[in-house]
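Taking it in order: structure first as structure tokens, then the write-up.
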Number of protein chains: 2
Amino acid sequence: MATQQTTEPSLDSLIRLVDADMKRVNQVIIDNMHSEVALIPQLASHLVAAGGKRMRPMLTLASAQLCGYQGGTSAVDLAACVEFIHTATLLHDDVVDESLLRRGQASANALFGNEASVLVGDFLFARAFVVMVKNGSLKVLDILAKASAVIAEGEVLQLSTANDMATTEEAYLEVITAKTAALFGAASQIGAVIANRSAEDEEALRLYGIYLGTAFQLIDDVLDYSAHQATLGKTVGDDFRDGKVTLPVIISYAKGDDEEKAFWRRCMEDQEFKDGDLDRAQELIRKYDALSASMDRAREFGQLAIDTLTRFDDGAIKDAMIEAVEFCISRPY
Amino acid sequence: MATQQTTEPSLDSLIRLVDADMKRVNQVIIDNMHSEVALIPQLASHLVAAGGKRMRPMLTLASAQLCGYQGGTSAVDLAACVEFIHTATLLHDDVVDESLLRRGQASANALFGNEASVLVGDFLFARAFVVMVKNGSLKVLDILAKASAVIAEGEVLQLSTANDMATTEEAYLEVITAKTAALFGAASQIGAVIANRSAEDEEALRLYGIYLGTAFQLIDDVLDYSAHQATLGKTVGDDFRDGKVTLPVIISYAKGDDEEKAFWRRCMEDQEFKDGDLDRAQELIRKYDALSASMDRAREFGQLAIDTLTRFDDGAIKDAMIEAVEFCISRPY
């Protein structure tokens, strides 16, 4: 009997399979963030150089590969557009959240000011559309324009639910579906679109992205309470300090006694903080196993994502897309 | 001999000629700023209800009419897109400038906070692209996507030149061409595009918009020092307090003596203000006739705008477009 080595799931297979194309994506990104106005490439390259996981453009490339997309520059160009839209939303997010760290580095707004972050975000967003128009698919433009509107809606909805302990799990899921999963869904779907696959294949890949994105954000919100700051690359406890009502908080609050509920309301709603409040929050979250419960929800969405791939041919890229889901759930960063 | 009545040029003729279509534009705007997320239509309608001159969408409608565009919904839909893009940039501008007044009302960021202004701006911008995609012209998408990128570049360039008394008239004109004139140009050009006119007609109308937009912004910058606040609908002296180096300042500085130059540098570069500084600035601007000189420049651009129309058939809409230029130069608000 062969011994089976169990290893942690990783993005390595996916990265390897899309590596050549990702190099071209990077070049498209660099070419299109060029501007005579020096501050624009300076600020944009600060963020782009910091890297990140590049999940979204990889999804476009992987999805295209899974659908047998051959040659042409569409997959590469559109993957770059997806990353531009994501980068624009990050720049605007950091202004909204007043974040000081992003991808392990000082955030753009901390370094360059809110004004530049807003405007360079606008620039990247507009450039994404310039590249999409050049690519020429009205269907892709429609998908990404609509996704962009939904992302903004999700972010506004998040503002509206922040500091409100009456936020339900349902409302929370609505926020993360819009602000995060929509772009994962669009990124995956356009891989099928450019490969001219059926509406059913398109929809399957859109859902793959939606479910994966939901799981991804659930884990992001878990990591905000559990991660090591150095590994996470952003400030632990940001969501807590911002009063963002995420699933671990919703679960702990629901199970808490009156005194604990008052604690959550003081911090999240009144934004009145004392020394040790983050520790207390983490302790309550542990007490009610709220991180495990959140991870269970992430696992459910992960399984839904994997199930959408059943209709596609088996192969290395499909395996890598399955492992990417498993990575997103077990990731430490 | 008939007596000729001289009246102040106004937008009335233009407004009358595009009135029926502008009502439809308003409906498209209202329909497309709808969202389940209540804060979005709340904030957007605050700005839209405040009105403004609606110059840009009127340019699209007027230009289409001048080009003999018949029927169809393109002109109306695209005019609404132009206004959405403009509104998005206003929302982001007010965040950047920390303006408290816009169109005579409390600005959106003052009422709803910077976060919501950034995100609702993003939403409107994305929705503009959704409507353009539905309209289906890749050429129009290209023009408006590129204009959007140029606007953002212009705003960043303005950030870079702010608080810098070494800014030349040339650099200033570069800023206003990008941040203001580009959208006027695009708005006018697409009227010719949807009417299927020649590349030369398109270019003529693009230039009409560019020159008109440049004149418009020159006057805007004059009004920031000369207007009555109640008439202007925004705070007089905003540019001065923000350290925006506009043409009246560039001219006064160039002609100023050492002590006056030091005054401008203290205010604009060091942003150190004392009581009465705005009065002093206005006095120096008067001393060197800098507002008249700026208005002369605006008149030159206005004449260029009018000249671009020579190639088009005479008629009521052409007359109205000429009068619109004259209004933009003589306007008190």
Side-chain angles (χ1 to χ4, degrees), chain A residues 32 35-40 43 85 88-89 91-93 95-98 112-134 136-160 162 174-175 178, chain B residues 32 35-40 43 85 88-89 91-93 95-98 112-134 136-160 162 174-175 178:
Chain A
N32 284 287
S35 166
E36 296 294 314
V37 182
L39 185 56
I40 291 176
L43 192 156
I85 292 173
T89 64
L91 281 167
H92 288 184
D93 255 18
V95 171
V96 169
D97 295 344
E98 294 172 6
F112 299 92
N114 276 342
E115 298 86 349
S117 292
V118 170
L119 298 173
V120 174
D122 290 349
F123 175 80
L124 293 179
F125 193 61
R127 273 286 166 93
F129 278 88
V130 171
V131 175
M132 282 184 255
V133 169
K134 201 167 146 207
S137 163
L138 278 169
K139 189 164 179 182
V140 168
L141 275 158
D142 190 48
I143 291 166
L144 286 172
K146 283 180 178 157
S148 301
V150 168
I151 293 167
E153 274 182 310
E155 302 269 5
V156 177
L157 188 61
Q158 178 166 271
L159 274 188
S160 311
E174 200 185 328
V175 167
Chain B
N32 283 286
S35 166
E36 296 294 315
V37 182
L39 185 56
I40 292 177
L43 193 155
I85 292 173
T89 65
L91 282 167
H92 288 183
D93 255 19
V95 171
V96 168
D97 295 344
E98 295 172 5
F112 299 93
N114 276 341
E115 298 86 351
S117 293
V118 170
L119 298 173
V120 174
D122 290 349
F123 175 80
L124 293 179
F125 194 60
R127 273 287 167 90
F129 278 88
V130 171
V131 175
M132 282 184 254
V133 169
K134 201 167 146 207
S137 163
L138 278 168
K139 189 163 180 184
V140 168
L141 275 158
D142 190 49
I143 292 166
L144 286 173
K146 282 180 178 157
S148 302
V150 169
I151 293 167
E153 275 182 309
E155 301 269 5
V156 177
L157 188 60
Q158 177 166 272
L159 274 187
S160 311
E174 200 186 327
V175 167

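Order of the sequence lines fixes the chain letters, A, B, ..., with proteins taken first and strands second; residue numbering starts at 1 for each chain.
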Roughly how far, to the nearest 0.5 Å, is the CG atom of Leu119(B) from the CD1 atom of Ile151(A)?
-> 11.0 Å
For the student: nearest non-hydrogen atoms of Leu159(A) and Ala116(B), plus distance | CD1-N, 3.6 Å
Name the member of Ala145(B), Ser160(B), Gly121(B) that forms the most heavy-atom pairs with chain A at distances under 4.5 Å.
-> Ala145(B)
Is it the backbone or the side chain of Glu36(A) that comes under 4.5 Å from a heavy atom of chain B, or both, or neither?
-> backbone
For Glu153(A) and Ile40(B), work out which heavy atoms get closest and say how close.
-> CG-CD1, 3.5 Å
Looking at Leu39(A), Leu138(A), Leu124(A), which one has more heavy-atom pairs under 4.5 Å with chain B than the rest?
-> Leu138(A)
Among Ile143(B), Leu144(B), Val133(B), Leu141(B), the one residue meeting side-chain contact (heavy atoms from CB on, under 4.5 Å) with Val133(A) | Leu141(B)
Hey, can you tell me if His92(B) and His92(A) have their rings parallel, tilted or perpendicular (30° and 60° cut-offs)?
-> perpendicular
Could you tell me the separation between the NZ atom of Lys146(A) and the CZ atom of Arg127(B), rounded to the nearest 0.5 Å?
-> 9.5 Å
Nearest 0.5 Å please: distance from the CZ atom of Phe123(A) over to the OG atom of Ser148(B).
-> 11.5 Å
For chain B, which of Ala149(A), Ala147(A), Ala88(A) has the most heavy-atom pairs under 4.5 Å?
-> Ala149(A)
Toward chain B, the part of Ser35(A) with a non-hydrogen atom under 4.5 Å = both
Most contacts with chain B, counted as non-hydrogen pairs under 4.5 angstrom, among Ile85(A), Val120(A), Asp142(A) | Asp142(A)
Reference residue Asp122(A); test side-chain contact (heavy atoms from CB on, under 4.5 Å); the match among Val118(B), Asp122(B), Val156(B) = Asp122(B)
